[in-house]
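Single-structure report; data block below.
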Amino acid sequence: MTLTLDDDKIEEAIIGVDQGAGIRIRVGERQNFANANIADADDLMTLAARAAASVAEDTETERVQLRPDDVPRTHDVLVDPRTVPIPRKVALLRRGNDVARATDPRIHQVTVYYGESIQDVVIANSDGRYRTDTRVRTNFALIAVAKQGEVLESGFEAIRTSRGFETLTDETIDDCARTAARRATKNVDAEPAPAGTYTVVLSAEAGGTLVHESVGHGLEADLNLRGMSVYSGRIGEQVASPLITVIDDGTDPGQRGTAALDDEGTQTQRTVLIENGILRTYMSDRKHARLLGIPESGNARRQSFRHLPICRMTNTLIAPGESDPAEILASVEDGIFVRKMGGGQVDVVSGNFAFEVTESYRIRDGRLAEPLRGATLVGQGPKLMSEIDMVGRDLGYSTGTCGKDGQGAPVADAQPTLRIPSVVIGGR
Amino acid sequence: MTERLANDAIVDRAIEALRRQSAEAEVFLRDSATTSVEVKDGAIENVLARGERGIGIRVIDEQRMGFAFTSDLSTSGIDECVLAARSMSAVTEPDPDLRIARGDTDEVDLGILEGVCDRSVEQRAEAAFAAERAARALDARVTGFRKTRYHDGRSTTILATTSGARGSYGESWSGLDTSVIASDAADRQVGSHARASRRSAEIDPEAIGRYAAGIAVGKLGARTLATQKLPVVLEPYQAMSLLGAIAPLFSAENVLKGKSLFAGRIGESVASASVTIIDDARLSGGLRTAPFDGEGTATRQKTLVGSGVLQGYLTSLKTASRLGAEPTGNARRSSYSGPSRIGPSNFFIQAGREDAGALVRDLDRALRITSLLNLHTIDPISGEFSLGVAGDYLERGERQYPVQGITIAGNLLGLLASISGVGSDLTFGGAGAGSPTLVISELSVGGT
């Protein structure tokens, strides 16, 4: 269900059901996949017959005994959002709208979203695996638009978790609304960011787009099977500064990318991908774990029953280091402080990545100076990861929807305050 | 066993149930089937037969809108969807401009449905292999592929309202995309390209493979550039990507809510005089061609920017009513599972008269862009953009060396105003957007 408040009005209320199944048959290294809507067992048998038609008739068959088992939950959902009356949800939208508009007279438009989704999955395979999972996701997001003269700027903030309605309190809503409004109003009278090469401090508050784009995608096992990633064939090698440890953790309680199982039914886990700069393993599904000879890491994810599972991130982070975040800022004479990152993209073959900066400030003499308008940072993953020379002892999360091969997946990313000695910033 | 209904019967059942509820409502059904064959380096990796079938019901009750969707098309699933849509209308607030369509849509052949074309998995794979072979034949430095995919599909769309409007159409498409990897001793690069068409015979696998290979090989040995201001050459595929980012500025929804830089600017100059932007959902065989939009409004061609002057917005029934204008038929449905959103159909910059090559030769120094990173982060509200780019550094049209790890930045309004050259090579891409080669007189380039 999603509810939208826009232009001071509850404008949309949408509810829906999607139910179906996907069947995947492996023949050698070829995967045959078919899906359909499923209303009952007859539909499932029809789909199975259609999927089986892709396999030669003389293939030997055997009956498999399914062995249901339970995998421990990563956390409890305290308040199932379906049990919360709709007027309470509407009240949250109005509260967010009111708080954002009251922040500054230049706030001239606000859009607020509430979304809840409950995904029930059953995964069964010919090894006898039979597991079920229920994934609850509760989302709240707010876009504030500020206007000054002819200049329009928007600010965004969201609360997106795998917990229930308990995460949406008056305090968290107020904080979300004020943050979005601050980003919009700060940007309307900010100077454009400069263009060129600068020292950059990424605040922990900025979120984790950097680790997601510059390292994460390149460590997905499917991209490493045939040497397509800059990290291919480099397990055991130094691929980053010794200050850098990168972890993907599908069990991180309540985070947006968390689930007990991946979409092949493999239990999720905390996987150390890079340890003190040394590449340890990749994020795998069953196929690529087998082909690469690495452990299954529970990273096979699919958008829905209409998609094939592929290797992808869950909650990915750079582990905290030892530096005091204040000292990192104070160490920079002239540079850019990034307080919030937006979306990003990477070309995994060359390692070139770009990510958006949505809130930033000039650093002068170790202190925050004037605010700057948005810009993109670009670099090359392994190069940047070997150049980072200070890692803070803090850690900040952000959430997003990662796109890969046309499928979206809910993810979280996190990193501590980082100092990058020199990186290209795309201002004007 | 659950009762199974055909598409028309599903829509009929929903409309009857809605009439019994005395609700004003619209029912949208889409039933689509696609087949994809994914190959890599000459071997089939995945064969996917995907189907998607469902309904979305929009109820307007006392001018309040409720929406529900389902892929459970059993009789009970349909009935529950009707009740859910009705109950959601109680949550929203009234809007006097909400409308549903009245009257039937016209029957017109727009060249979007190919006759029977049943290809085997092997024939589909062969198209993908042909693209890979052509890529390898172009240059010995082509060393592999991330993925090559041939896909085709067809779908049926039915839209009906309780006020008696009803229309349906069928459509089909085919497409091929590939990501080519090129390597030399010092570097490795990727080049991607995708084409799609309403007619499978129009897909030219060899040309797609060669184009992607050319991008990958061309980037080998790329260096950075010094930070500076430079004229920028956008080839059609890059230009249409940026044009796509401009589309939300034309949305009447954004205009009415004060979220578009084009608000209040009809009749004013918003682009260089050489720029004419057209939206045409009736373009024969276009990838976004359809006889009616997601609310049942008949589509039509319109000039949005004529010789640089803003002439109109893209509207839905609701926004047209508020503006006191005729709806343009741009309430688009990407799926049954959401209400329509205003968006462009076949959306393009009209071809200019100048040869693209001649335009480029006129520039002493220029950056030609072949890849853009982070397009999805362009903010249509502020119009600000800052993107990672790869391409070629040119002098008098001659390529000097490839570049990457640099950025371009500006504002979409500034970009439109500084288009100094429009080529004659109008090309359409996968999402219905089209553009000729464009020359931007100057952009900020960030580098060393």
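Atom set for the values below is all heavy atoms of this structure, side chains included, hydrogens, waters and symmetry mates excluded. A quick note: this is a predicted structure, and the numbers were derived from the prediction, not measured. In what follows, every chain begins at residue 1, and chains take the letters A, B, ... in the order their sequences are listed.
A salt bridge between A:E12 and B:R64 is absent, with no side-chain N of the basic residue lying under 4.0 Å from a carboxylate O of the acidic one. Ionic pairing of B:R4 and A:D40 is present here: one or more N-O contacts between side-chain nitrogen and carboxylate oxygen are shorter than 4.0 angstrom.
In this model, no donor atom of one side chain and acceptor atom of the other lie less than 3.5 Å apart for B:N374 and A:Q345.
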Could you walk me through whether B:K318 and A:E11 satisfy the salt bridge (charged side-chain N to carboxylate O under 4.0 Å, His left out) test, starting with their C-alpha distance in whole Å, then the side-chain angles of each, then the deciding distance to 0.1 Å, before giving a yes or no? CA-CA 12 Å; B:K318 179 183 91 172; A:E11 198 170 69; 3.5 Å; yes

List the steps, then state whether side chain to side chain contact (heavy atoms under 4.5 Å, CB included) holds for A:V424 with B:I406. CA-CA 7 Å; A:V424 173; B:I406 57 173; 5.7 Å; no

Run the numbers on A:D6 and B:K259 for salt bridge (charged side-chain N to carboxylate O under 4.0 Å, His left out), then give the verdict. CA-CA 11 Å; A:D6 201 6; B:K259 290 195 276 198; 3.3 Å; yes

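For B:F385, no part lies near chain A; criterion is any non-hydrogen pair under 4.5 Å. Contacts of B:E80 with chain A are absent, with no heavy-atom separation under 4.5 Å from either backbone or side chain. Using a 4.5 Å cut-off between heavy atoms, B:L220 makes no contact with chain A at all. For B:L375, the part lying under 4.5 angstrom from a heavy atom of chain A is the backbone only. Proximity to chain A is limited to the backbone of B:S260, based on heavy atoms less than 4.5 angstrom apart. Of the atoms belonging to B:S382, heavy atoms from both backbone and side chain fall under 4.5 Å from chain A. At a 4.5 Å heavy-atom cutoff, B:L98 makes no contact with chain A through either its backbone or its side chain. For chain A, the nearby parts of B:K40 are the backbone and the side chain; heavy atoms of each come within less than 4.5 Å.
Note on A:A36, A:G344, A:A34: by heavy-atom pairs under 4.5 Å with chain B, the leading option is A:G344. With chain B as the partner, the residue from A:R50, A:Q380, A:H307 showing the most heavy-atom pairs under 4.5 Å is A:H307.
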